[in-house]
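First up is the structure itself, then whatever we jot down about it.
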Amino acid sequence: MFIYSIKAQSIKLYLSITLSVLSVIAVMIIFPTNNYDKDESVVVSQSIKEKNYKNIETSEDRIEFLKQFGWIVEPDPRDIQQITIPVKFDSLYEKYNKLQLKEGLDLEKYKGKTVKKYTYLVSNYDYDGLVYANLLIYKNRVIGGDICSAISDGFMHGFSKDNLFQT
């Protein structure tokens, strides 16, 4: 016959360890720290995730979308184009998509799709030259875009000014 006894002190120790582990797991579930989108090297800020990218049907909707980021644009687009997102990304598209990932968007999902590109003139950018806001829209949803200068060796960044395009 085998008899094993447990002291009350041992039960308290096991109980406190179990409760500690459960507390840590509960905190991890309630407050996740994962701010990464598809690519773990790309951080998506919480403020970007709160923006409205859907139901963008009219020019007024597109203007309001850009206002969410602080941009004021002329009421009429300067250009509207139909473009096809390539099925296979070259290095430039890969870099451009990283810019989109930082905005909480991903062009990978739209490979081979034809989308509309709307270009608006930004009127409140602190810059001497012309600045444009480009929106890529598919089925009334913003799927990508950028803010850029009109000159070829100028700048380009995401809708947020701190999301700079790296060549």
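Hydrogens, waters and symmetry mates play no part in the numbers below; they use all other heavy atoms, side chains included.
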Are side-chain heavy atoms of [X] and [Y] found at a separation under 4.5 Å?
| X | Y | result |
| --- | --- | --- |
| E108 | F89 | yes |
| I85 | V115 | yes |
| S160 | E103 | yes |
| N97 | E94 | no |

With no hydrogens and no angle check, is any side-chain donor or acceptor of D106 less than 3.5 Å from a backbone partner on K109?
->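 No, because the side chain of D106 does not come within donor-acceptor range (under 3.5 Å) of the backbone of K109.
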Donor-acceptor under 3.5 Å (N124 side chain, I72 main chain) |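 Judged by distance alone, yes, a pair lies under 3.5 Å.
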Which heavy-atom pair separates G144 from F159 by the least distance, and what is that distance?
->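 Result for this residue pair: O-CZ, 3.7 Å.
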Over all heavy atoms of both residues, which pair between Q68 and N52 is shortest? Give the atoms and the distance, please.
->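 Closest heavy-atom pair between Q68 and N52: OE1-N, 2.8 Å.
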Which value, rounded to the nearest 0.5 Å, describes the distance between [X] atom [atom1] and [Y] atom [atom2]?
| X | Y | atom1 | atom2 | result |
| --- | --- | --- | --- | --- |
| I147 | K161 | CD1 | NZ | 10.0 Å |
| L99 | M156 | CG | CE | 7.5 Å |
| D90 | Y96 | CG | OH | 13.0 Å |
| I80 | I83 | CD1 | CD1 | 13.0 Å |

Out of curiosity, does F155 fall in the hydrophobic cluster containing I151 (side-chain heavy atoms, cut-off under 4.5 Å, transitive links)?
->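 Cluster IDs for I151 and F155 match.
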Determine whether L121 and W71 fall in the same hydrophobic cluster, where Ile, Leu, Val, Met, Phe, Trp and Tyr are linked whenever their side-chain heavy atoms lie under 4.5 Å apart.
->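 No, no single cluster joins them.
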Please tabulate, for the side chains in residues 125-143, all donor-acceptor contacts under 3.5 angstrom to protein atoms that are two or more places apart in sequence or on a different chain.
| from | atom 1 | to | atom 2 | distance (Å) |
| --- | --- | --- | --- | --- |
| Y125 | OH | H157 | NE2 | 3.0 |
| N134 | OD1 | T119 | OG1 | 2.7 |
| N134 | ND2 | D146 | OD1 | 3.0 |

Using a distance-only test with no angle check, is there a side-chain donor-acceptor pair under 3.5 angstrom linking S59 and Y120?
->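 Yes, side-chain donor-acceptor contact under 3.5 Å.
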Taking atom types as modelled, is there a side-chain donor on D79 or Q81 under 3.5 Å from an acceptor on the other?
->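 Yes, because at least one side-chain N or O of D79 sits under 3.5 Å from a partner of the opposite role on Q81.
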Hey, is NZ on K111 packed in by over 12 heavy atoms from elsewhere, all under 6.0 Å?
->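 Atom NZ in K111 is crowded, with more than 12 foreign heavy atoms closer than 6.0 Å.
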Where at least one partner belongs to residues 60-73, residue pairs that pass salt bridge (charged side-chain N to carboxylate O under 4.0 Å, His left out), sequence neighbours excluded =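 Listed once each, the pairs are E64-K67.
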